[in-house]
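Just so we're on the same page: letters track the sequence lines, and every chain starts at 1.
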Amino acid sequence: MADFFFHTTLGQLLLIVLETLAVLVPLLLGVAYLTLAERKVMAAMQLRKGPNVNGPFGVLQAFADAIKMLTKETVIPSGANRMLFLFAPFLTFSLAMVAWAVIPTGNGLAIANINVGVLYLLAISSLGVYGILIAGWASNSKYAFLGGLRSAAQMVSYEVSIGLVIVSVLLAVGSLNLNDIVLAQRHVWFCLPMFPMFIVFFISALAETNRAPFDLPEGESELVAGFFVEYSALAFGLFFLGEYANMFLMSGMVSILFLGGWLPPLGIAPFTWIPGPLWLIAKILFCLFVFIWVRATFPRYRYDQLMRLGWKVFLPFSLAWMVLSAGFLMVTGLLPGGAG
Amino acid sequence: MMTQIVFYVFAAVLVLSATMVVCARNPVHSVLFLILAFFNAAGLFLIAGAEFLAMTLVIVYVGAVAVLFLFVVMMLDVNFAQMREGVQRYAPIGGVVGGVLLVELIMAFTHWRVASNIGQIRHLVPSSSERTNTAALGDVLYTHYIFLFQSCALVLLVAMIGAIVLTLRDRPTGRRQDIDRQHDRTSADSLEMLQVPLGAGVAAQGGFLRPHTSYDVASVPGSYGTEAWREQQMAEETQTALVVIPPAAGTKGQDNA
């Protein structure tokens, strides 16, 4: 049986399909339930009950929403660029999915354990802006267009600081392989020695996923609903799912870069009984909870404040930290790799 | 075999999308085809085993440069009918330029010689099994050619500063925000109770109902909204030869499809 999967072409293709399903099915279920969790958690924080009608504790709410979304009519505005209009949500959704190919859920347990895993993640997350920009333009609506432009500027700005934060992590690891990044945290998770970078990365992740308090592209008070104001039915659903899947992805990146990926907090008995993938899932869920917590707590930033934070605070700070950590690693002789 | 098929698929799509960049009528479509071309070039890099270059191509060109391209092109208010009028006029010039470039390329490739001392830099080429090409590139850039690399960076820095110097206009009339000042404000120095006589309007306050002590707009020369500012605006408007032309018919929306 193992021979069939590892030594024949058909078996290998089948194996890849199975691996992909093993990642995507839990991910999509997670996305569906994240929408419910968000409503429940925010409700609890605001002393409300949240959805509680469909099924016990409202657990069927996610499916009710999905069915509602599927049975609605797809409206394409007049003067819209039809092909791009329909292409944008698919792009957003599929980009949020393909990034999971490199996320390791255990030692070597990734669909593709590639050498440039971090760069792949960075590339995919920087592509996310296209779905939004194309949606904004193709809708032929000024609100959607403004939302798209805002989002493009915001994502490009915060990508710079995300890149610099990743560079300082890579300095301490000496490899671009995500597996190696997690293994380098065997002794101490990077969120402790690089605590400020952890915070900068998390806030940039909020901005990158257009989440509160940086949800200006949607800005319902001034832009109605931003770039997806003209979308309905399945196309809207894909945007919605893509956005939540992006939250999962960013939480995954935070977990892998700073919270030790699949590693248990301490390498001793009760912690090591729990398998690695469960640790990763627990960390991702924790990050997602913080995402929701932030949304329920902070008011929205003004646009100039957002740009100021990105360019004038995070960028110089992460640049300085990068130089500082490079110098520290060099002086203490902890710089890994060398010629390798 | 598989590699060859994938190569030809990538190469064919690359050439096709590059052609479409030039041929597409809508500039936004052109930029999107350009992005497709970048992707296929990245795919070719991957086939060649240069995964670092492939990823940086996507991150830098697709993730940053093309986004800004798209950003600008989407905001352009292009009149397509006018653009098509010029095609016949400029086609011969474009053809000549293209022809010259083609001839030059052919000449360059037919006279291609590999330098005789190529063996001396063989140590820079990674033998892929033990060294990742990220490490190999880092070695070349940051160890062997660090000074050239640094001077490239300086050239870019000069270009960047030049762009900023050319476009930055520090006008006092801009309503710029000073975050520290905003945070330092208290109600004591920003709130002033005025006794305004009924029916007299706010002309006595200089047209503003605003505390003078904390936010003395009138004291800043050229501050927005003051009398001096209005005079300056008038002077500027009468002196400038620029005539405001209303935007031409044919907005973005109508030409979208």
- Write down the atom of A:Ala153, the atom of B:Phe71, and the distance for their closest heavy-atom approach. N-CE1, 3.9 Å

- Message: Does A:Tyr303 have more than 12 heavy atoms from other residues, nucleotides or ligands lying within 6.0 Å of its OH?
- Response: yes

- Nearest 0.5 Å please: distance from the CD1 atom of A:Ile114 over to the CD atom of B:Glu51. 7.5 Å

- Query: Is there a donor-acceptor pair closer than 3.5 Å between any side-chain N or O of A:Tyr130 and the backbone N or O of B:Val67?
  - Reply: yes

- Quick check: are there more than 12 heavy atoms from other residues, nucleotides or ligands sitting under 6.0 Å from OH of A:Tyr301? no

- Message: Let's go through B:Met55 and A:Leu122 carefully: what are the C-alpha distance in whole Å and the side-chain angles of both, what is the deciding distance for side-chain contact (heavy atoms from CB on, under 4.5 Å) to 0.1 Å, and is it a yes or a no?
- Response: CA-CA 9 Å; B:Met55 290 302 158; A:Leu122 205 60; over 6 Å; no

- Query: Using non-hydrogen atoms and a limit below 4.5 Å, what part of residues 36-43 of chain B faces chain A?
  - Reply: B:Phe39

- Message: Less than 4.5 Å to any heavy atom of chain B: does that hold for the side chain of A:Leu133, its backbone, both, or neither?
- Response: both

- Contact class of B:Ala66 relative to chain A, heavy atoms under 4.5 angstrom: both

- Message: Please classify the contact of B:Val28 with chain A as side chain, backbone, both or neither, using a heavy-atom distance under 4.5 Å.
- Response: side chain

- Task: Could you tell me which portion of B:Leu57 (side chain, backbone, both or neither) has an atom closer than 4.5 angstrom to a non-hydrogen atom of chain A?
- Result: neither

- Message: For the CD1 atom of B:Ile35 and the CD1 atom of A:Ile134, what is their distance to the nearest 0.5 Å?
- Response: 6.5 Å

- For B:Gly63 and A:Val156, work out which heavy atoms get closest and say how close. O-CG2, 4.4 Å

- Item | chain B contact via A:Asn177 - side chain, backbone, both or neither, heavy atoms under 4.5 Å | neither

- Task: May I ask you to check whether over 12 heavy atoms, not counting those of A:Met83, lie within 6.0 Å of atom CE?
- Result: no

- OG1 (B:Thr134) and CG (A:Asn115) are apart, to the nearest 0.5 Å, by 6.5 Å

- Check each atom of A:Arg82 against the heavy atoms of chain B and say whether the ones under 4.5 Å are side chain, backbone, both or neither. neither

